[in-house]
Participant: 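The structure follows.
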Amino acid sequence: MSSGEYLRYVALGDSQTEGVGDGDDTTGLRGWADRLAERLAAVSPSLTYANLAVRGRVAHQVRAEQLGPALDLRPDLASVVAGVNDALRPRFDPAETVGHLEAMFSALTAAGAHVVTLTFPDIGKIAPLARPVRSRVFELNDHIRAAAARHGVTVAEGAGHAVTTDPRLWSTDRLHSSPLGHERIAAAVAHALHLPGSDDAWALPLPARATPSAWQAAAAELRWTAAFLGPWLGRRLRGRSSGDDRTAKRPLLLPPSAAAAPLPAPADGGA
């Protein structure tokens, strides 16, 4: 549907698609998929939208838990975005990870949905301490592009644009997009889908700002390590996930303006 006239949009994925970083668990999360649904509804007022994404999920969990319910909703547009959580695990096989994504691409396109996905920015430019795994993200992106090409899946390129690593597009944990970051993602996907009124302005750089000194940058790394990296590693060592005991925030197709279901309290206090 090149005109952007969709009737049923279903989003599958992890914390990025759930909307972590854009709102909170008290007031509710918005996120790029919600923002995209609003753009879609401007073209198709009768659009309904479900968001099955749950934070902390790796690709095989997204496939096992979300694909069946997504197919039951008979979407004509579906977004499938996952893989970064896999890349951050000690054992990472990009072909295996994207194999799960490709299985979802195949099943959804075979069911008549137009599928859209994302590539990911250079994580080493967002969190310098994550530089050892940046090559994994590059491999992940290459595999996503190849799998998408095999199934006619639209790819919104989050990689290769300098603005996508601007700190202002990221929340303080550097793992999740800020509200501005989620808005840019929504605009990138809208542009990739050729929605009326969309353009490439999402990729334009933000106004210049002062560069922090070496001391300020080092201090920021220490604060981030203590506040976010340490607790994240602690959850991994305990075999815990930020998504434990959580379910999809919008399991049913509803108008984008309809409120999502209340979120349960986190199991261990972390995003």
Side-chain angles (χ1 to χ4, degrees), residues 1-18 31-37 39-40 43-44 47 49-53 57-87 93-121 136-161 164 182 184-196 198 200 202-203:
M1 296 186 182
S2 59
S3 66
E5 295 181 1
Y6 297 98
L7 298 178
R8 296 177 301 279
Y9 166 41
V10 178
L12 299 81
D14 53 28
S15 58
Q16 185 177 32
T17 299
E18 185 187 348
W32 73 265
D34 287 28
R35 293 171 179 269
L36 176 64
R39 290 171 177 259
L40 292 163
V43 179
S44 303
L47 175 98
Y49 158 58
N51 189 322
L52 308 180
R57 296 304 194 256
V58 291
H60 78 85
Q61 292 174 313
V62 175
R63 178 184 178 184
E65 299 170 9
Q66 300 175 28
L67 177 58
L71 291 170
D72 289 343
L73 295 172
R74 299 174 52 246
D76 51 20
L77 176 67
S79 57
V80 178
V81 179
V84 169
N85 287 333
D86 300 76
D93 182 335
E96 179 182 336
T97 295
V98 177
H100 294 295
L101 300 184
E102 184 163 7
M104 291 186 275
F105 295 166
S106 176
L108 288 161
T109 54
H114 182 170
V115 178
V116 62
T117 191
L118 301 173
T119 57
F120 303 102
R136 294 181 170 194
V137 176
F138 300 155
E139 287 185 273
L140 177 65
N141 286 338
D142 288 342
H143 281 76
I144 287 172
R145 293 184 188 103
R150 287 191 287 270
H151 297 278
V153 169
T154 296
V155 179
E157 285 286 353
H161 297 280
T164 61
H182 279 285
R184 289 280 180 128
I185 295 170
V189 176
H191 184 226
L193 291 172
H194 304 292
L195 292 190
S198 64
D200 62 356
W202 69 270

Participant: Who pairs with Ala95 by side chain to side chain contact (heavy atoms under 4.5 Å, CB included), at least two apart in sequence or on another chain?
Facilitator: Asp93, His143
Participant: Can you list the residues that meet the side-chain hydrogen bond (donor to acceptor under 3.5 Å, both in side chains) rule with Ser106, with sequence neighbours excluded?
Facilitator: none
Participant: Can you check whether Arg74's main-chain N or O pairs, donor with acceptor, with Arg8's side chain at less than 3.5 Å?
Facilitator: yes
Participant: Identify the two heavy atoms, one from Val10 and one from Ala70, that lie closest to each other, and give their separation to 0.1 Å.
Facilitator: CG1-CB, 3.9 Å
Participant: Determine whether Leu195 and Leu36 make a side-chain contact, defined as any pair of heavy atoms from C-beta on separated by less than 4.5 Å.
Facilitator: yes
Participant: Can you check side chain to side chain contact (heavy atoms under 4.5 Å, CB included) on Thr164 and Trp202, steps first, answer last?
Facilitator: CA-CA 9 Å; Thr164 61; Trp202 69 270; 4.2 Å; yes
Participant: Which pair of non-hydrogen atoms, one from Ala188 and one from Ala156, has the smallest distance, and what is that distance?
Facilitator: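 Heavy atoms only, the tightest pair is O-CB, 4.0 Å.
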Participant: Between Ala186 and Arg35, what is the shortest heavy-atom contact and its length?
Facilitator: CB-CB, 3.7 Å
Participant: Quick one: salt bridge (charged side-chain N to carboxylate O under 4.0 Å, His left out) pairs with a partner in residues 95-120, sequence neighbours left out?
Facilitator: Arg91-Glu96, Glu102-Arg150
Participant: When rounded to the nearest 0.5 angstrom, what distance separates NE2 in His114 from OG in Ser79?
Facilitator: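 His114 atom NE2 to Ser79 atom OG measures 11.0 Å (nearest 0.5 Å).
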Participant: Only counting residues at least two apart or in another chain, list the ones meeting side chain to side chain contact (heavy atoms under 4.5 Å, CB included) with Phe120.
Facilitator: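 Result, side chain to side chain contact (heavy atoms under 4.5 Å, CB included) vs Phe120: Gln16, Val81, Val84, Val137, Leu140, Asn141, Ile144.
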Participant: Apply side chain to side chain contact (heavy atoms under 4.5 Å, CB included) to Leu108 and Leu12, showing your working.
Facilitator: CA-CA 11 Å; Leu108 288 161; Leu12 299 81; 4.3 Å; yes
Participant: Output the distance between atom CG (Asp34) and atom CD (Glu18), rounded to the nearest 0.5 Å.
Facilitator: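 Going from the CG atom of Asp34 to the CD atom of Glu18 covers 10.0 Å.
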Participant: Show the nearest heavy-atom pair for residues Ala82 and Leu101, with the distance to one decimal.
Facilitator: O-CD1, 3.5 Å
Participant: Counting C-beta onward and ignoring hydrogens, is there a side-chain heavy-atom pair between Val115 and Thr154 closer than 4.5 Å?
Facilitator: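 When only atoms from C-beta onward are counted, Thr154 and Val115 do not touch, as no gap falls below 4.5 Å.
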Participant: What are the two closest non-hydrogen atoms of Ala190 and Ser198, and how far apart are they?
Facilitator: O-OG, 3.3 Å
Participant: Residues in side chain to side chain contact (heavy atoms under 4.5 Å, CB included) with Val155, at least two apart?
Facilitator: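 Expected list: Thr117, Thr119, Ala148, Glu157.
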Participant: Quick one: does Leu118's side chain get under 4.5 Å of Ile185's, heavy atoms only?
Facilitator: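 Leu118 vs Ile185: side chains touch.
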Participant: Could you give the distance from CG (Leu73) to CG (Leu52), rounded to the nearest 0.5 Å?
Facilitator: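 CG of Leu52 is found 6.0 Å from CG of Leu73.
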Participant: Examine distances only and state if a side-chain atom of Glu65 and a backbone atom of Val62 form a donor-acceptor pair shorter than 3.5 Å.
Facilitator: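 Flag not set: sc Glu65 to bb Val62 has no pair under 3.5 Å.
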Participant: I'd like to check Phe105 versus Val98 (side-chain heavy atoms, cut-off strictly below 4.5 Å). Are they in contact?
Facilitator: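 A side-chain contact is absent here, since even the closest heavy-atom pair is not under 4.5 Å.
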Participant: For the CZ atom of Arg136 and the OG1 atom of Thr97, what is their distance to the nearest 0.5 Å?
Facilitator: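 The OG1 atom of Thr97 is 9.5 Å from CZ of Arg136, to the nearest 0.5 Å.
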Participant: Of all heavy-atom pairs between Ala113 and Pro75, which one has the smallest distance, and what is that distance?
Facilitator: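 Looking at all heavy atoms of both residues, the closest pair is CB-O, 3.4 Å.
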Participant: Which value, rounded to the nearest 0.5 Å, describes the distance between Tyr6 atom OH and Leu40 atom CG?
Facilitator: 7.5 Å
Participant: Using atom types as modelled and distance alone, determine if a side-chain donor or acceptor of Arg63 lies under 3.5 Å from a backbone N or O of His100.
Facilitator: no
Participant: Say whether Tyr9 and Asp76, considering side chains only, have a donor N or O and an acceptor N or O under 3.5 Å apart.
Facilitator: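 No.
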Participant: Give the intermediate values and the outcome of side chain to side chain contact (heavy atoms under 4.5 Å, CB included) for residues Asp142 and Glu139.
Facilitator: CA-CA 5 Å; Asp142 288 342; Glu139 287 185 273; 5.6 Å; no
Participant: Does Thr17 offer a backbone N or O that forms a donor-acceptor pair with the side chain of Asn51 under 3.5 Å?
Facilitator: yes
Participant: Among residues at least two apart in sequence or on other chains, which ones pass side chain to side chain contact (heavy atoms under 4.5 Å, CB included) with Ala203?
Facilitator: His161
Participant: Pair Leu193, Val116 - check side chain to side chain contact (heavy atoms under 4.5 Å, CB included), show working.
Facilitator: CA-CA 8 Å; Leu193 291 172; Val116 62; 4.2 Å; yes
Participant: About how many Å separate CG of Asp86 and CZ of Arg57, when rounded to the nearest 0.5 Å?
Facilitator: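 Rounded to the nearest 0.5 Å, the CZ-CG separation comes out at 12.5 Å.
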